[in-house]
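Everything numeric in this text was worked out from a predicted model, so none of it was measured. The residues of the chain are indexed from 1 along the displayed sequence.
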Amino acid sequence: MTIVFPSALLRPNSLRPALIGQTVGGGAALVGPEQSAELSGGGWWTLDYGLGDRPGVVRLKLIRALLMRMSRGSGEVVMPIPDEPQAPWPDANGVRGPALTTFSDGATFSDGALFSQPRIVFTLAQSLAENAGEAVLTREVGGDLIGGELFTLVHPLAGPRAYCVDSVEQTGADAFTIGFGPPAREAATAGDLADFQDPRCVMRLVNGSAEAWPTITRGWKAASSLRFVESFDYLMEA
């Protein structure tokens, strides 16, 4: 069973998402540099998640509990990739973050609190084939795309998968043709959400949970750094 990383409780001190692949060299060339080929099909995500050296008692126990859960079953986890500063937030009087709204009749909760709703909504304007590297997006709410933004498509079998925009052509007031990578893990349907507000990906620990347990040193510091890699268990289940 795939679990969801508790990002609200375990925010990282440092974060490094990276797309890696497998480049194979072709041996020495008579003239110029050697030839090389990329054989990974577009690469796969890794994610270094640094939780700092003073997590505190509660966070330390949460890390342990998470690792215990990940040591059972498939070990898959939906990893959030907190990337709020780079997300395409709309500029509305300088206000950032989620929009707040009432019930449909204008009422609030008993303490006056309001509902929170997304402020970035992009959808696929056209269906997307497996292995595609280009998509047409319709903006419903959000700022302009310029490239470098992370987003997630939630596929029927592959689950949530992370992608990064590498090129943008704005073809209308709210229409964007983007190039992205890695190639689409699975086909997607027109109208599906391209989630720039909550990028995430199905991953697993690189070396299993054993090496990820926090090391506690004198003074009760507890260094913890987790390294994840994209998981492809769904290919074996298809």
Under a 4.5 Å side-chain heavy-atom rule over Ile, Leu, Val, Met, Phe, Trp and Tyr, are M203 and V154 clustered together?
no

Sub-4.5 Å side-chain heavy-atom contact between E140 and T123
yes

Basic-acidic side-chain contact under 4.0 Å: R161, E230:
yes

Which heavy atom in L19 sits nearest to a heavy atom in G43, and how many Å separate them?
CD1-C, 3.9 Å

Any sub-3.5 Å donor-acceptor pair from W89's side-chain atoms to E84's backbone N or O?
yes

A187 and P156 have their tightest heavy-atom pair at O-CD, 4.3 Å

Closest approach of P88 and F196, non-hydrogen atoms and distance?
CD-CB, 3.7 Å

Residue pair L15, I81: steps toward the side-chain contact (heavy atoms from CB on, under 4.5 Å) verdict:
CA-CA 8 Å; L15 182 77; I81 309 176; 4.2 Å; yes

Do H155 and Y234 have side chains that get closer than 4.5 Å, going by heavy atoms?
no

In short, L66 meets P6 closest at the heavy-atom pair CD1-CD, 4.1 Å

Measure the CZ-CG distance between F180 and L153 for me, rounded to the nearest 0.5 Å.
6.5 Å

Please tabulate, for the side chains in residues 124-136, all donor-acceptor contacts under 3.5 angstrom to protein atoms that are two or more places apart in sequence or on a different chain.
none

Quick one: are W45 and M79 in side-chain contact, heavy atoms under 4.5 Å?
no

ILVMFWY cluster, V202 and L157 together (side-chain gap under 4.5 Å):
no

Residues sharing I146's hydrophobic cluster, by side-chain heavy-atom contacts under 4.5 Å among ILVMFWY, directly or via others?
none

Do Y163 and T152 touch side chain to side chain, with heavy atoms closer than 4.5 Å?
no

Measure the CG-CG distance between L137 and L193 for me, rounded to the nearest 0.5 Å.
10.0 Å

Strictly under 6.0 Å, is that where the ring centroids of F122 and F151 end up?
no

Can you confirm whether W44 sits close enough to P182 that some side-chain heavy atom of one is under 4.5 Å from a side-chain heavy atom of the other?
no

Can you find a heavy atom in the side chain of W213 that is under 4.5 Å from one in the side chain of M68?
yes

Nearest non-hydrogen partners of R227 and T46, listed with the distance:
NH2-OG1, 4.2 Å

Could you list the donor-acceptor pairs under 3.5 angstrom formed between side-chain atoms of residues 172-179 and any protein atom two or more places apart in sequence or on another chain?
unit_1, atom_1, unit_2, atom_2, d
D174, OD1, R139, NE, 2.8
D174, OD1, R139, NH2, 3.2

May I ask you to check if R200 and F228 form a cation-pi contact, with NZ or CZ under 6.0 angstrom from the six-membered ring centre and within 45° of the axis?
no

Going by heavy atoms in the side chains, are L205 and L67 under 4.5 Å from each other?
yes

Could you point out which residue of C201, P160, S231 forms a side-chain contact (heavy atoms from CB on, under 4.5 Å) with V78?
P160

Write down the atom of Q86, the atom of E149, and the distance for their closest heavy-atom approach.
O-CG, 3.7 Å

CD1/I63 to OH/Y49 distance, rounded to the nearest 0.5 angstrom?
11.0 Å

4.5 Å side-chain heavy-atom contact, P12 and P82:
yes

